[in-house]
Amino acid sequence: MESQFLLAKAKDEEIATKGECGGAVSALFKYLLDQDLVDGVLTLTRGEDIYDGIPILVEDSKDIISTCGSLHCAPTMFGDLISKYLTDMRLAVSVKPCDAMAINELIKRHQINEDNLYKIGLNCGGAVMPISAQKMIEMFYDVDPSEVVKEEIDKGKFIIELEDGTHKSVEIDELEEKGFGRRINCQRCELKIPRNADLACGNWGAEPGWTFIEVVTEKGAKLLNDAKKGGYIEVKTPSQKAITIRGKIENAMIKLAQKYQEKYLEENYPDIENWDEYWNRCIKCYACRDACSLCFCKECDLEKEFYNDEDAIVPDPLTFQGVRMSHVCFSCVNCGQCEDVCPMEIPLAHIFHRMQKKYRDKTGFIAGVSEELPPLYSPEKE
Amino acid sequence: MMKVAHTICPSCSIGCGVNLIIKDNEAVGTYPYKSHPINEGKTCKKGRDCFKIVTENRLKEPLIRRNGLNQSSWEDALDTIASQMKSYPSQEIGIVVSGDYTNQEYETMKRFAEAIGVGNIGCHTGSVPSEALETATLYDMENSDFILIIGDVLKEYPLLGRRIILAKENGAEICTVDTPDKTLTGINSHRYLQVESASTIIDEINHNILKKLNPNSTVIINNLKSEKDFEKILNFFGQSGAKMFPVFQDCNSRGAMNILPVLSEDDLRDLMEKVKILYVIGDDLASYMEESLKKLDFIISQGCLVNETTLISDVVLPGSCWAEKTGSFTSTTGKMQNISKITEPPGDALDDQIIITKIAEKMGWEPEKLGLDPEKTGPDSKR
C-alpha cells in the first residue's frame, strides 16, 4: 500500500498522559487486547529504575498502563523471545527496528507465524547500555544516576530529568566521542524508522502530545482505522512541514550511521593481530549463539562431534566463530546482542556486520528488510 | 503466562544478575540482565543454564528408608527425625551445610542448632580461610596496574575473567601462576609462571613479580585445594599491600562464613568421627566423603536435588532451590544482593526455613522461642 502519515493520540486520558507522545502505541495495544484480536502484548516495562527495562507479556488490557513511556537504556531483543516461547499466542509486539529485522528473518524461516503478529514499530535513534548510562550521568552530568526520574533523546542530546523537574542535557556527539552514549551497534544502525513493521511510530516531526505514525502495511492501516472507530485513538493529518522535518531527522541519522560504519568497520576495524587476541579469549560458552535470534537451529552444528575440540584451550576460530559466521552472517541484522552478552568482550558484531555489509553490496540482500531469503539460504534446518 | 524476573545466579560466588524466563509457572530459560552492575547482561554457560536447576533432578517428596528409600508424608518424616534426634545426646548430633543457602537461612540454622544445643555445626565451602574477609572489589581489580592470578580464572569464573580482560585493556599487566603447561588465563596474560604445586608457589615465585606488588595491584587466588596453602599465600602476598581477591566457591560461601563456623575437609572428617546422627543441608557429602558417612547411625539430608547423599540417607527432605525463596546472597567481594521468590517449589517440596522450623516444633520448641518466624509455619504457608 501507499505510505501514509498520521498523527495520533490516545483518547484515554491516563494513557495519553503516561504514554510517550500522547500514548498512541499504548492505546493500540489496549484496543487489540480489549477486542480479543491478540492474546498478549509483548513490550517493555520499567523495572527497578529507569535503566532497567524488562520484557513483559501483558494479557489484561488494564495492565497496559504499567508499560507506558519509553526506555532508552534497555537494549533488549524480542525476536528469539517470541520464536522460543510465544509461538502459541496471537501477539502484538512493540518493536525497535532491530527487533523487527530479527522477527522478519524468523518469519521467513518459518520460526514465527506472521499472521499471529502485530508489529508496532518504534522509531529508534539507538539505545544506551544501562551501566554505561549510569557512569555517563555521573561523569558528564555530575548527577547521582539514581536521582534521574526520566531520560529522553531529543535534537541530538541525551536529556535527563531530576525529581525536582530540572533538566540537564549533553550532546550525544560529545558523549560518543568519549566512548559513552549509544551502543556502538546502534551508532552504526541505518534503520531508524522501522518500515519493516506494520506501523512506524515516533516523535520525529510530531506536535507535542501526538505520535507521528507512518502506516506501512494493510494490517497496520486497518488497525489504526478500527482503533479510531472504536474510540481508542484520535488521529489527524500532519502538516507538510512536519513530514519534511521528520524526513530530515531520519536522513541526518542515517548519514551519521554511515559515518560510524566507516569509523568502526573500516578505519578502526581490528586488525588481524587484534582478532587473534580476541579469539584467544573465547571460552566457547555459546553466549553469542544463544543470544542470536537467527541461530534458531534446534540441533546446532557447533555441538556436533566433528567440531568437538574439548581438549583445546580455546576453540579454533575457523570451526567455531567461522562456522557460525558461515551460517548466519549474511542475515546479520546488527542487533549487537552477541557482542552485548560475550563475557570475554569479543567485538563479534563488528565482524558479522561488516560481512553482511559486503554481502549486501554484492547481492542487494538487506538482512531484516528484504522480503526474500538471502541467496543460497538452505532451509534444511527449519 | 510468561514473565521475566530478576535473580542472582546461584552457580558461583561472583554474583551475576540473571533474568529467569517463567512460562506457565515453569522456568524455561534465561534472558540477559543488562542493568546488573556485576555482569551487565553477560553470563557464562552455567549462568545461562541456571534455569535448569529449577526443573531438573528435583526432589519432590519426603523419603524414608524402610526396605529402601520410599515416599512418605511430611508428618511421618518429621516425626522420625524428631524421635531420632531426641534419642541422641546433642554432642552426638551434627549439622553440615553447603554454601548456597541464603543469609537468612544460615541465621535460622544457627538458631536451630543453638536451641537444640548442637555445637557440631558448620559449613564446608571451599578452601578460603575464614579470616580472609578484607578483600578487593571488582572496581579495585579493574583499575589495578598489576594483577597476579593464581588459577585459571578466565575459564572457571568467566565474569571475573572479564574484569581481568578489561583491566588488561586499561593497561594493567597480567601475570598468572598455575600448575598446567598452558591455561586459558595463562595464554591471555603477559606472563605465565608454571609451578610444581600450590604449596610451592611462594618458593617458586620470582623477585621481579614480587617487586610489582603494591597497593595498586591485585592478587586473585582461586582453586587451591588446601586451606593451609590458601592461608599461607594470603598472608605472604598480603604483606605487599596488594589487594587480595580470594575467589569463594559457592554463591553464598561468604555469607555462610559470616554466620556459621567454617569446616575444612579435615574438620568435616573430625566432626563425623564425633557424631552419630548427621543432618546434611544441601551438601553432597557422599560425593567426596562417603567413607566417613558410612560410620554414622543415621543420616538426614535436606536439599532440592537428588544427589549421591540422598541415596544413602535415612530420611530425605525436599527443600527449595534459590528461585523459590526470598533472601540474600553475599558475593565473593562481600556485596550482599537480594533475591526474591519467583516460582513455587515443586510437588511437596517446602521452603527450607519452614522445614527447619517444623523440625524444631516436633522436638518441642516453639518457633517464636527460636526467633523463627511463626508465619513460616502457619496455616498460610504452603501446605
Side-chain angles (χ1 to χ4, degrees), chain A residues 39-40 42 44-59 71 73-78 80-82 84-86 88-89 91 127-135 183 277-278 280-287 289-291 312-314 337 339-346, chain B residues 1-6 14 16-24 26 28-49 139 152-169 180-189 338 340:
Chain A
D39 303 313
L42 179 63
L44 281 186
T45 190
R46 183 180 147 164
E48 286 158 3
D49 50 42
I50 60 151
Y51 313 100
D52 187 22
I54 309 173
I56 182 172
L57 180 73
V58 178
E59 291 174 88
L71 295 160
C73 304
T76 47
M77 168 48 65
F78 286 157
D80 54 340
L81 210 48
I82 300 174
K84 282 184 192 147
Y85 308 110
L86 300 170
D88 55 343
M89 291 180 101
L91 276 186
V128 184
M129 288 299 273
I131 299 299
S132 156
Q134 293 174 54
K135 280 189 200 149
R183 281 159 88 231
E277 199 182 325
Y278 293 139
N280 228 9
R281 303 171 184 170
C282 176
I283 52 167
K284 206 180 177 184
C285 69
Y286 299 99
R289 175 198 68 182
D290 293 350
I313 287 180
V314 286
Q337 296 299 321
E339 203 169 299
D340 282 359
V341 300
C342 176
M344 289 295 133
E345 302 280 346
I346 302 173
Chain B
M1 204 287 291
M2 186 196 76
K3 71 173 173 182
V4 176
H6 291 340
I14 305 302
C16 295
V18 179
N19 282 322
L20 274 185
I21 303 176
I22 309 293
K23 174 119 202 253
D24 301 328
E26 199 182 319
V28 292
T30 54
Y31 192 81
Y33 182 173
K34 292 187 186 175
S35 62
H36 195 275
I38 290 182
N39 58 312
E40 301 175 42
K42 299 163 185 284
T43 55
C44 65
K45 187 149 174 39
K46 274 194 225 156
R48 222 161 41 259
D49 286 346
Y139 179 84
D152 198 358
V153 172
L154 261 64
K155 189 101 197 154
E156 291 170 28
Y157 296 91
L159 273 300
L160 179 54
R162 169 181 172 242
R163 299 286 175 159
I164 296 169
I165 297 287
L166 291 174
K168 193 180 170 194
E169 287 182 349
D181 291 341
K182 208 174 165 187
T183 70
L184 182 71
T185 311
I187 62 170
N188 281 285
S189 302
N338 293 327
S340 298

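Reminder, nothing fancy here: chain letters follow the sequence lines and each chain counts from 1.
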Under a 4.5 Å heavy-atom cut-off, does chain A meet the side chain of [X], its backbone, both or neither?
X	value
Ile165(B)	side chain
Leu159(B)	side chain
Pro32(B)	side chain

Give the member of [options] that has the highest number of heavy-atom pairs under 4.5 Å with chain A.
options	result
Lys3(B), Lys182(B), Lys46(B)	Lys182(B)
Lys155(B), His6(B), Met1(B)	His6(B)
Asn39(B), Thr185(B), Leu166(B), Ile164(B)	Leu166(B)

Of the listed residues ([options]), which shares the most heavy-atom pairs with chain B below a 4.5 Å separation?
options	result
Ala133(A), Gly47(A), Cys73(A), Pro75(A)	Pro75(A)
Thr76(A), Val341(A), Asp39(A)	Val341(A)
Met344(A), Glu59(A), Arg281(A)	Arg281(A)

Taking the side chain as C-beta and beyond, is there a heavy-atom pair between Leu81(A) and Ile21(B) under 4.5 Å?
-> yes
Walk me through it: do Ile56(A) and Val4(B) pass the test side-chain contact (heavy atoms from CB on, under 4.5 Å)?
-> CA-CA 7 Å; Ile56(A) 182 172; Val4(B) 176; over 6 Å; no
Mind checking side-chain hydrogen bond (donor to acceptor under 3.5 Å, both in side chains) for Asp340(A) and listing every partner two or more places apart, or none if nothing turns up?
->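 Asp340(A): side-chain hydrogen bond (donor to acceptor under 3.5 Å, both in side chains) contacts with Arg183(A), Lys34(B).
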Output all residues satisfying side-chain hydrogen bond (donor to acceptor under 3.5 Å, both in side chains) with Asp49(B), sequence neighbours left out; order by chain, then residue number.
->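 Testing Asp49(B) for side-chain hydrogen bond (donor to acceptor under 3.5 Å, both in side chains), a comparison that skips the adjacent residues, returns Lys45(B).
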Before accepting this row, confirm whether a basic side-chain N of the pair Lys168(B)/Glu345(A) lies closer than 4.0 Å to the acidic partner's carboxylate O.
-> no
Side-chain ([X]) to main-chain ([Y]) donor-acceptor, under 3.5 angstrom:
X	Y	result
Lys23(B)	Tyr85(A)	yes
Arg48(B)	Cys285(A)	yes
Asn280(A)	Asn188(B)	no

Kindly indicate, with the supporting measurements, whether the criterion side-chain contact (heavy atoms from CB on, under 4.5 Å) is fulfilled by Tyr31(B) and Ile54(A).
-> CA-CA 10 Å; Tyr31(B) 192 81; Ile54(A) 309 173; over 6 Å; no
Chain B contact via Met129(A) - which portion, at a heavy-atom distance below 4.5 Å | side chain
Are Met2(B) and Leu42(A) close enough, and set up right, to give a side-chain contact (heavy atoms from CB on, under 4.5 Å), and what steps lead you there?
-> CA-CA 10 Å; Met2(B) 186 196 76; Leu42(A) 179 63; 4.1 Å; yes
Write down the atom of Cys282(A), the atom of Leu184(B), and the distance for their closest heavy-atom approach.
->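 Smallest interatomic distance, heavy atoms only, reads O-CD1, 4.1 Å.
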At their closest point, which heavy atom of Thr43(B) faces which heavy atom of Ala287(A), and how far apart are they?
-> O-CB, 4.4 Å
Between CG on residue Asp181(B) and CD1 on residue Ile313(A), distance to nearest 0.5 Å | 8.5 Å
